[in-house]
Protein chains: 2
Amino acid sequence: MPKYGRGSCWWAGRFRGGGYRLTMPRQSILEVLDNASKHLSAEDIYLAVHKIYPNVGLTTVYRTLDLLVQMGLVSKLDFGDGRARYELSESSKGVKQHHHLVCTGCNRVIDYTDFIDEEIKLLGRIEKELSKKFNFKITNHLIRFYGLCNECQNKK
Amino acid sequence: MPKYGRGSCWWAGRFRGGGYRLTMPRQSILEVLDNASKHLSAEDIYLAVHKIYPNVGLTTVYRTLDLLVQMGLVSKLDFGDGRARYELSESSKGVKQHHHLVCTGCNRVIDYTDFIDEEIKLLGRIEKELSKKFNFKITNHLIRFYGLCNECQNKK
DNA sequence: GTATAATTGAAAATGGATACCATTACCAAT
DNA sequence: ATTGGTAATGGTATCCATTTTCAATTATAC
Ligand SMILES: [Mn+2]
Ligand SMILES: [Mn+2]
Ligand SMILES: [Zn+2]
Ligand SMILES: [Zn+2]
């Protein structure tokens, strides 16, 4: 009998389609990400998975995250606090596209969706122009704001 | 007599004004940055300084870079290749403001100045709105493109 | 000069991420 | 059911950029 039951989630097809196995560690890592409201680090995910499946290793978490990023299901983010963070990519969930506001005081991260359309539109124009000018095949872009959140302004 | 002559460069005043000493390691690190055409890592800078002053340590390079960033003379950049990179900040030199195009194949980085005005204009509007909405004091922003450079497209 | 605090550099420590490798799980074909 | 090939796993060791520590040196104020 198979040790890992294959769930019937929206991502199951992506796995079989890609020739990957939807194992229990992978399944549970995706579930953690699916339920997350914050931007989780690999260790965050490891700890969460570990509560339910104590025999899942940190290495597997890293490897699975790499795979998920490569599959396009997950976005890897670096907010500058020394550890990578992960979230389900926008195309994955019906999640609205968003960008980030990062507090340099406490590392809090706020998702925002305002102006996204305008941002995307400008980025698209720039992309086209730069691709031509530098013969550069642009695959990705990044807009982000840094500053101090409400609480960190009043601190000190 | 002072061991370190204090240069009469444009940055000398910034040091005395801030209550910092313009020592030889600091002076030479700034000179390396001033002459750099690329985005240098701490080790790059260490090696360059080391050729002329072999007794300057890597620790001091890191510490000085932190100081320079804090003083606003230098920008610290993270292009995702596992090491921080540094450049004189735009306000420091008469350097035109620019953003970056990063090749995920070879880590080459291209400065571009196209559309900067439009970018800044949009960013300004967004900043104002987000500051209000989230009561977030925005101090900094980031626009960047990732992709494959000319050579990396033709490779493989 | 002497006092005082800032600055330095070598070595050790840190910590996130990765490499390694023996073991296990899965699956298709006997 | 058994087998053999391949994918996946998990613990450990390792990597490597950056920080910390601390004693020694240096710059500035007195
Ligand atoms: Mn987000
Ligand atoms: Mn640049
Ligand atoms: Zn904050
Ligand atoms: Zn390239």
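Keep in mind that this is a model prediction, so the values were computed, not measured. Here is the naming used below: chain letters follow the sequence lines, and residue numbers restart at 1 for every chain.
- Aromatic ring orientation, A:Y46 versus A:H50: tilted (interplanar angle from 30° to 60°).
- Following rounding to the nearest Å, B:D81 (CG) and C:dA17 (P) show an atom-to-atom distance of 15 Å.
- Nearest-nucleotide positions on DNA chain C place B:Y20 closer to the 5' end than the other of B:L58 and B:Y20.
- Neither OP1 nor OP2 of C:dT7 sits under 4.0 Å from any side-chain N or O of B:R63.
- For the pair B:D78 CG and D:dC16 C1', the interatomic distance rounds to 15 Å; values are reported in whole Å.
- A:L30 places its CG atom 14 Å from the P atom of D:dA8, with the value rounded to the nearest Å.
- Distance from the side chain of A:R26 is smallest to D:dT9 among C:dA17, D:dT9, C:dA19.
- In this structure, B:F145 and B:Y112 have tilted ring planes: the angle between them lies in the 30° to 60° band.
- A side chain to side chain donor-acceptor pair (under 3.5 Å) with B:D111 is found for one member of B:H39, B:K38, B:H99, B:K96 and no other, namely B:H39.
- Within the 4.0 Å cut-off from OP1 or OP2 of C:dA6, not a single side-chain nitrogen or oxygen of B:R21 is found.
- Put simply, CE on B:M24 is 11 Å from C1' on D:dT26, counting in whole angstrom units.
- Within the structure, every side-chain polar atom (N or O) of B:R83 is placed at least 4.0 Å from both OP1 and OP2 of D:dC16.
- Counting non-hydrogen atoms of neighbouring residues, nucleotides and ligands closer than 6.0 angstrom, the CD atom of B:E118 exceeds 12 such neighbours.
- In this structure, the CZ atom of B:F15 is 15 Å from the P atom of D:dA27, given to the nearest Å.
- Among all heavy-atom pairs drawn from B:L148 and B:C103, the shortest one is CA-SG, 3.9 Å.
- Between the P atom of D:dT19 and the OH atom of B:Y46 lies a distance of 17 Å, rounded to the nearest Å.
- Distances from the side chain of A:T59 to the nucleotides D:dG11, D:dT19, D:dT9 place D:dG11 closest.
- For A:L22 and D:dA8, the CG to P distance is 11 Å, given to the nearest whole Å.
- Straight-line distance from the CG atom of A:D66 to the P atom of D:dA7: 17 Å, rounded to whole Å.
- A:Y62 has no side-chain polar atom (N or O) that falls below the 4.0 Å cut-off from OP1 or OP2 of C:dT18.
- The side chain of B:P25 lies closest to C:dT8 when the candidates are C:dA17, C:dA10, C:dT8.
- Side-chain N/O atoms of B:T60 include none lying less than 4.0 angstrom from OP1 or OP2 on C:dT8.
- Residue B:T23 has a polar side-chain atom (N or O) positioned under 4.0 Å from OP1 or OP2 of C:dT8.
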